[in-house]
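In what follows, a single structure is set out as structure tokens and then discussed.
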Amino acid sequence: MNYNHKKIESKWQAFWDEYKTFKVTEDEHKPKYYVLDMFPYPSGAGLHVGHPLGYIATDIVARYKRMKGFNVLHPMGWDAFGLPAEQYAIKTGTHPQETTKKNIDNFRRQIKMLGFSYDWDREINTTDAVYVKWTQWIFLQLYKKGLAYEAEVPVNWCPELKAVLANEEVVDGKSDIGGHPVYRVPMRQWMLKITDYAESLLSGLDEVDWPHSVKELQRNWIGRSEGADVDFPIENSDKIITVFTTRPDTLFGATYMVLAPEHPFVDELTTVDQKESVKEYKETASRKSDLERGELNKEKTGVFTGSYAMNPANDEKIPIWIADYVLMSYGTGAIMAVPGQDQRDWDFATEFDLPIIRTVEITDDYDGEAFTGDGLAINSGFLNGLYVDDAKKIMIKWLETEGKGKGAIRYKLRDWLFSRQRYWGEPIPIIHYDDESKPLEDSELPLELPEIEKYEPSGTGESPLANIKEWVEIKNDGGEVIGLRETNTMPQWAGSCWYYLRYIDPANIDHPWDKDKESYWMPVDLYIGGAEHAVLHLLYARFWHHVLHDLGFVSTREPFQKLFNQGMILGEDGLKMSKSRGNVINPDAIVNEFGADSMRLYEMFMGPLDKAKPWNTKGLQGCSRFINKLWSKVCSSDGLSSYITEDAPNDETVKLLHQTIKKIGEDVENLRFNTAISQMMIFTNHLITLDHVPKSVLETFVKLLAPFIPHVSEEIWEYLGHNESITYESWPEFDEALAKEDLITIAIQVNGKLRANIEISADTEKKDVLSIAKDNDRIKAYLDGNEIIKEIYVEGRLVNFVVK
RNA sequence: GCCGGGAUGGCGGAACAGGUAGACGCGUUGGUCUCAAAAACCAAUGGCCAUUUGGCCGUGGGGGUUCGAUUCCCCCUCCCGGCACCA
């Protein structure tokens, strides 16, 4: 008889809600475990089956850890600011708050239907006024620490969207949304000085248990380079151009210099006869979109300024050029060009007929252009004969003693562009007065969004808030306007930078979180989410956390101890699920037909959690069948089935049960849910062959199932005569001795080829195993007439005879 | 181009720490039940050869180390993710 998943699942979900089964508070007597999901942006489309994949995994871990005696914090909330609700508002006039609420209600319903063990009393929403208050408060902590500043910076201006975009919203020079061209235009912006934390963010990676790939991604993003700042005096000027180079050893080969077109010295260095071409080049460069600067423009362009610098190594006169392959935003915005050792410089030198000097010896058969490998220094004065590493060190030392430069470290990481010209975000709590900008007092927070009628951007690059005079203008008692509110809002990342801290103390109105609670729960022990957040969210959140740590607000340096990225679930056609492809699987339909337990089980059974894998409803049916098989063996319509008896289990059942306890426990600890489920199936297949299923065996087995398929497990648990939820039952212990096989199969190989299998008792000694093997008829035939030159015995595994 | 990850039956995937490749599930085939079908249950299922015992081949391709390689080393191909003139 099939079990009634609808009845059982709604029954237990109601039970958990009513008794607040998963509510948690600090408990010093228990070890804590904080298991966190990346909270969702509640979109209008609702969940597809890929979204809850990570939630299922964390839920299994949460439930498992509770049974292992941990005090488990497992919360859920909503990252609810964001562009879609605002765009919907622009189109329909619906307040984003309304849209957001509706979407959250739908998401909550869908998430709840899967039976997750969240402590719903801790639910948070980044758009709630109390939450916004503390987001703004943290911003002000950054501001007061000098980490938030305003600057005229070239931003990604998208004329089509009439909006400034963040770097991460620009892909290949086009807007991530819509694919419109994006240009660099200077505008006043709020920036966060994440670059001050480059070293801290880099070294912190060594402390955390994260996927290797994510650490590498962050390391590359931070982009630390060691090298030297080298000063080049300019001919007929007392100005000095400082360049950053990772190859100070090649200084003797620097045959020209290049400045970024935006470099502040350019105008001054331009000679009269070069003025026209420099001006023209600068203008062209500034008009270029990122797309044109990047991919489309592989051939080098540039113009000579007319001025010369002195190579500090050999006092050679070298020309100063400008070219847009040098970026103002990295290093000093100027480079020394060493075409012999750098392919970009080689290309440029070839294009403009500049001299090329090799400073690293190449082999006779080297047929490349610039040589970037290791070798002996040549044409390099006092460096000649040294390998690259040594030559770098000697050159840096020389520069430092001569006062011509010094060792330096640079990062690719840029400061974080923190302002958005939008309505639906946290207002930046700053007022601009004539002579200065001032933050709001803590008591004035939260600064809430005003009601507005039109959500369109102002079109000038300012946010819609700029049009709300009564909100923007700060007046004195006499009604004079004395100040203007900042109209930029924060990016969506802001709310997600600290939500994991708010979960710890979600209702606190006096503080963002209680210190004692924070030190009890932090750090997050396990954080699961999509790999698309490998850099931005995880880097920004770490940045804030490092700052909060330096300010003494949090007790750990790193927020997320262990991180894991779940893979994508693809459509049945093996392609990414999307509405346009029509291959989206809706969890509502799946839960309705097969139940939440089947869906949970299948998603975990599909394969390793971190891999992308295609959905297959037939496969899901297999999991559903498994639950039904078990159910119909152990349950009848009104209680336990007649197979369940008080008998003692037989040896084989005991052995398999203990193997199963061991396997499932180890697999859950290592997030290998697919193989844990495979073991459940093996055990169930065994139970089905039994005439009598001992009640004690079923009790133990149901506990193993509970984290995976909690509804049906609760139901069976109740059938077994328990009044309490299975949630806090203790996880079964296994006995290694009982799990051990007493009869084992040994493979017998001759010259590495399998020729026979023998069954022997597990404690048979080596010499006996060998003699039994030799006595085997099949093996005899292979050994006959041959000389055994080697006998290999791998305990409990195989025997290999090497014969000649 | 650079960095990271991957490639195992018809499909999703297993395989301790170098030790019987293909667990578990799907699919397929045959059977039971049925008037029939579905569901359920039982059995078989990597390929090739062989009437059976059995033999040979087989973890993207090529080499190597080893008694023994999906696993370690070298070279190559393809796929996925990220970065991309970062000096």
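Numbers restart at 1 for each chain; the letters A, B, ... are given by sequence-line order, proteins then strands.
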Look at [X] and [N] and indicate whether a side-chain polar atom (N or O) is within less than 4.0 Å of OP1 or OP2.
X	N	value
A:Y782	B:G55	yes
A:R755	B:G54	no
A:N674	B:A14	yes

Which pairs, protein N/O on one side and nucleotides 57-59 of chain B N/O on the other, fall under 3.5 Å?
unit_1	atom_1	unit_2	atom_2	d
B:C57	OP2	A:K753	NZ	2.8

**OP:** Heavy atoms under 4.0 Å is the rule here; annotate nucleotides 62-76 of chain B 5' to 3' with B where the base is hit, S where only the sugar-phosphate is, and - elsewhere.
**Re:** -----B---------

Original post:
Which of the following nucleotides, B:U20, B:G12, B:C3, is nearest to the side chain of A:P614?
Top reply: B:G12

Original post:
Picking from B:C85, B:A87, B:G55, which would you name as closest to the side chain of A:K300?
Top reply: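 Selected nucleotide (nearest to the side chain): B:C85.
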
Original post:
Just how far, in rounded Å, is P of B:G6 from NZ of A:K613?
Top reply: 14 Å

Original post:
Can you tell me which stems RNA chain B forms when a stem means 3 or more consecutive Watson-Crick or G-U pairs under 3.5 Å?
Top reply: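 Looking at RNA chain B, the stems formed by three or more consecutive pairs are B:1-7 with B:77-83, B:10-12 with B:24-26, B:27-32 with B:40-45, B:46-49 with B:54-57, B:60-64 with B:72-76.
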
Original post:
Ion pair present between A:K392 and A:E226, side-chain N to carboxylate O less than 4.0 angstrom?
Top reply: no

Subject >> Side-chain ion pair, A:E216 and A:R219, N-O less than 4.0 Å >> reply: yes

Polar atom pairs between nucleotides 37-42 of chain B and protein, under 3.5 Å, N or O only, would you list them?
unit_1	atom_1	unit_2	atom_2	d
B:A40	OP1	A:R625	NE	3.0

Protein-nucleotides 15-18 of chain B N/O pairs closer than 3.5 Å?
unit_1	atom_1	unit_2	atom_2	d
B:C16	O2	A:R797	NH2	3.0
B:C16	N3	A:R797	NE	3.3
B:C16	N3	A:R797	NH2	2.5

Just to verify, what does [X] make a ring-ring contact (aromatic ring centres under 6.0 Å, His included) with, not counting sequence neighbours?
X	result
A:Y197	A:F543
A:F348	A:Y256, A:W321, A:Y325, A:F352
A:F594	none
A:F673	none

Original post:
Which residue pairs pass the salt bridge (charged side-chain N to carboxylate O under 4.0 Å, His left out) test when at least one of the two sits in residues 668-680 of chain A, sequence neighbours left out?
Top reply: A:K65-A:E669, A:D667-A:R672

Subject >> First encountered from the 5' end of RNA chain B, between A:E216 and A:R224 >> reply: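 Taking each residue's closest nucleotide, the earlier one in sequence belongs to A:E216.
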
**OP:** Map A:F244 and A:F605 onto RNA chain B by nearest heavy atom, then report which one ends up closer to the 5' terminus.
**Re:**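 The 5'-side residue here is A:F605.
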
Subject >> A:Y643 atom OH, neighbour heavy-atom count above 12 within 6.0 Å >> reply: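 No, OH of A:Y643 has 12 or fewer neighbouring heavy atoms, counting only those of other groups under 6.0 Å.
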
Subject >> Close residues, residues 679-687 of chain A, relative to RNA chain B [heavy-atom separation under 4.0 Å] >> reply: A:M681, A:I682, A:N685

Original post:
Quick one, which residues of residues 329-340 of chain A touch RNA chain B with a heavy atom under 4.0 Å?
Top reply: A:Y330, A:I335

